[in-house]
**Student:** 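Have a look at this one before I ask anything.
Chain naming here is simple, since letters A, B, ... match the order of the sequence lines and numbering starts at 1 in each.
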There are 2 protein chains.
Amino acid sequence: MMTIFEALADPTRRRILDLLREQPRLVGELVDLLETSQPGISKHLRVLRDAGLVSVRKDGQRRWYELRPEALAEVDGWLQPYRHLWEARFDRLENLLDQLQEEEKNDGQT
Amino acid sequence: MMTIFEALADPTRRRILDLLREQPRLVGELVDLLETSQPGISKHLRVLRDAGLVSVRKDGQRRWYELRPEALAEVDGWLQPYRHLWEARFDRLENLLDQLQEEEKNDGQT
DNA sequence: CATTTATATAACAATCTGGTTATATAACTT
DNA sequence: AAGTTATATAACCAGATTGTTATATAAATG
C-alpha cells in the first residue's frame, strides 16, 4: 500500500487534492477538469483514498469525493523538525540583506 | 528530472535527509547507517542533489553531503493552504471531546 | 424492461524506479 | 609507481507506476 508521501508524488494527484480543497467533487467533474481518462482518475482517487487523503460518499450512482485534510498532518509532522532549520537560514539571509542595505546608505553619505 | 515531492516519496531518501539533519555526512557513513549498497546510496544522493535537497562539498577523495533545508520550503508552501483546514478540524474535535467530558461530569451529578 | 449514465475494475503496454554487480576515476598510502 | 580507498557511473533486471481501452456494475431514465 502507498504511503502518503508516495501518494503526493504524482502531480495529477496533487491537482486533485487542490481541486478538492475548494469543495467536494464528483468523479466526472474531476475528469472534465483534468486531462486524464475517467479510469485514470478513478485509479488516482483509489490511491488517495487508500492513503487516507480523501473520503467518498455515495449519492445514487454518483460518488462525492471529499478532502480529508487531517491526513496531511503526517507530512507536516515529518517537516516539523526541519522547519526551524530553513527559517533560521532565511532569517540570516534577511539580516545579510539588511546589512548590505545599511552599508549602501552609509556609502551614499560619505 | 525528479521534483521534490518525488524525491521525498522514497523512504530511504527521507532517512538520508533525517540523518543529514543532525550533521553533514560522508557517503560511506550513510552506507554504514542504511542498508543499501554504496552505489545505491550514491544514486539516492544524486536524486536529492538534483532536487536541491542536499549539497556536496569535496574534501580530497571524500564527499560531504549537507542538508539544504530551504528546499523544503516548497513542500511547506504547498501544504500551507491546507493547514487551516486540518487545524480547524482538530479544533472541532477538541471541542467535541471537551463537550463529552462536560456531559459526563453532569451525568455523574444527577 | 431497455437504454443510458456514472463509476469501478481488469487487462495490457510503456515507462520509471530502485536495487544490484561490475567498472571507472581520482585521491590517498606505502 | 603500485596498491588501496572513496565515490560515481554504467549496465542490467525485477517489479512498480501510470496511462489506455474494454468491460462490469449499479442506478437513473424513457
**Student:** Specify the residues of residues 2-10 of chain A, ordered by number, for which at least one heavy atom lies under 4.0 angstrom from an atom of DNA chain C.
**Tutor:**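 Listed by number, there are none.
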**Student:** Crowded around R62(B) CZ? As in, over 12 foreign heavy atoms under 6.0 Å?
**Tutor:**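 At most 12 heavy atoms, drawn from other residues, nucleotides or ligands, come within 6.0 Å of this atom.
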**Student:** Would you confirm whether R49(A), through its side chain, and V54(A), through its main-chain N or O, come within 3.5 Å as a donor-acceptor pair?
**Tutor:** no
**Student:** Could you measure the distance from the CG atom of L48(B) to the CZ atom of R68(B)? Nearest 0.5 Å is fine.
**Tutor:**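 These two atoms lie 12.0 Å from each other.
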**Student:** How close do R13(A) and E6(A) get, counting heavy atoms only, and between which atoms?
**Tutor:** NH2-O, 3.3 Å
**Student:** To the nearest angstrom, how far is R46(B) atom CZ from dG18(C) atom C1'?
**Tutor:** 16 Å
**Student:** Can you list the steps and then say if R63(A) with R57(A) is a side chain to side chain contact (heavy atoms under 4.5 Å, CB included)?
**Tutor:** CA-CA 6 Å; R63(A) 298 288 182 278; R57(A) 193 164 45 74; over 6 Å; no
**Student:** Given axes from five pairs at either end, by how many degrees does the helix from dC1(C)-dG30(D) to dT30(C)-dA1(D) bend, rounded to 10°?
**Tutor:** 10°
**Student:** Do you know the tightest heavy-atom contact between A7(A) and V47(A)?
**Tutor:**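 That closest heavy-atom pairing would be CB-CG1, 4.1 Å.
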**Student:** Which is the 5'-most and which the 3'-most nucleotide of DNA chain D that has an atom under 4.0 Å from a heavy atom of chain A?
**Tutor:**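 Terminal contacting nucleotides, 5' to 3': dT17(D) to dA28(D).
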**Student:** So which atom in G52(B) and which in A71(B) form the shortest heavy-atom distance, rounded to 0.1 Å?
**Tutor:** O-CB, 3.3 Å
**Student:** Tell me which residues in residues 23-38 of chain A lie within less than 4.0 Å of DNA chain C, going by non-hydrogen atoms.
**Tutor:** L26(A), V27(A), G28(A), Q38(A)
**Student:** Between protein and nucleic acid, restricted to nucleotides 27-30 of chain C and to nitrogen or oxygen atoms under 3.5 Å apart, what atom pairs and distances do you find?
**Tutor:**
{"residue": "dA27(C)", "atom": "O3'", "partner": "Q61(B)", "partner atom": "N", "Å": "3.4"}
{"residue": "dA27(C)", "atom": "N3", "partner": "Q61(B)", "partner atom": "NE2", "Å": "3.4"}

**Student:** Are any non-hydrogen side-chain atoms of L8(B) and L8(A) less than 4.5 angstrom apart?
**Tutor:**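 The answer is no; the side chains never approach within 4.5 Å.
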**Student:** So does R15(A) have more than 12 non-hydrogen atoms from other groups sitting under 6.0 Å from CZ?
**Tutor:**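 It does not: R15(A) CZ has 12 such atoms or fewer within range.
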**Student:** Across the strands shown, which category fits R13(B) at heavy-atom distances under 4.0 angstrom: base, sugar-phosphate, nothing?
**Tutor:** sugar-phosphate
**Student:** Do L67(A) and W86(B) belong to the same hydrophobic cluster, where Ile, Leu, Val, Met, Phe, Trp and Tyr are linked whenever their side-chain heavy atoms lie under 4.5 Å apart, directly or via other members?
**Tutor:** yes
**Student:** If the cut-off is 4.0 Å, is H44(B) near the phosphate of dT17(C), judged by side-chain N/O to OP1 or OP2?
**Tutor:**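 So the side chain of H44(B) is outside the cut-off, no N or O lying under 4.0 Å from OP1 or OP2 of dT17(C).
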**Student:** Are L53(A) and M2(A) connected into the same hydrophobic cluster when the rule is that any two of I, L, V, M, F, W, Y join if their side-chain heavy atoms are below 4.5 Å apart?
**Tutor:** no
**Student:** As an exercise, state the distance from CG of L79(B) to CG of L79(A), rounded to the nearest 0.5 Å.
**Tutor:**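 These two atoms lie 7.0 Å from each other.
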**Student:** If hydrophobic clusters are built by linking Ile, Leu, Val, Met, Phe, Trp and Tyr wherever their side-chain heavy atoms come under 4.5 Å apart, do W64(A) and L85(B) end up in the same one?
**Tutor:** no
**Student:** Let me have the donor-acceptor pairs involving side chains of residues 16-33 of chain A, under 3.5 Å, with sequence neighbours excluded, atom names and distances please.
**Tutor:**
{"residue": "D18(A)", "atom": "OD1", "partner": "W78(B)", "partner atom": "NE1", "Å": "3.4"}
{"residue": "D18(A)", "atom": "OD1", "partner": "Y82(B)", "partner atom": "OH", "Å": "2.5"}
{"residue": "E22(A)", "atom": "OE1", "partner": "R25(A)", "partner atom": "NH2", "Å": "2.8"}
{"residue": "R25(A)", "atom": "NE", "partner": "L19(A)", "partner atom": "O", "Å": "3.2"}
{"residue": "R25(A)", "atom": "NH2", "partner": "L19(A)", "partner atom": "O", "Å": "3.4"}
{"residue": "E29(A)", "atom": "OE2", "partner": "L26(A)", "partner atom": "N", "Å": "3.0"}

**Student:** Rounded to the nearest 0.5 Å, how far apart are CG of D76(B) and CD of E70(B)?
**Tutor:** 13.0 Å
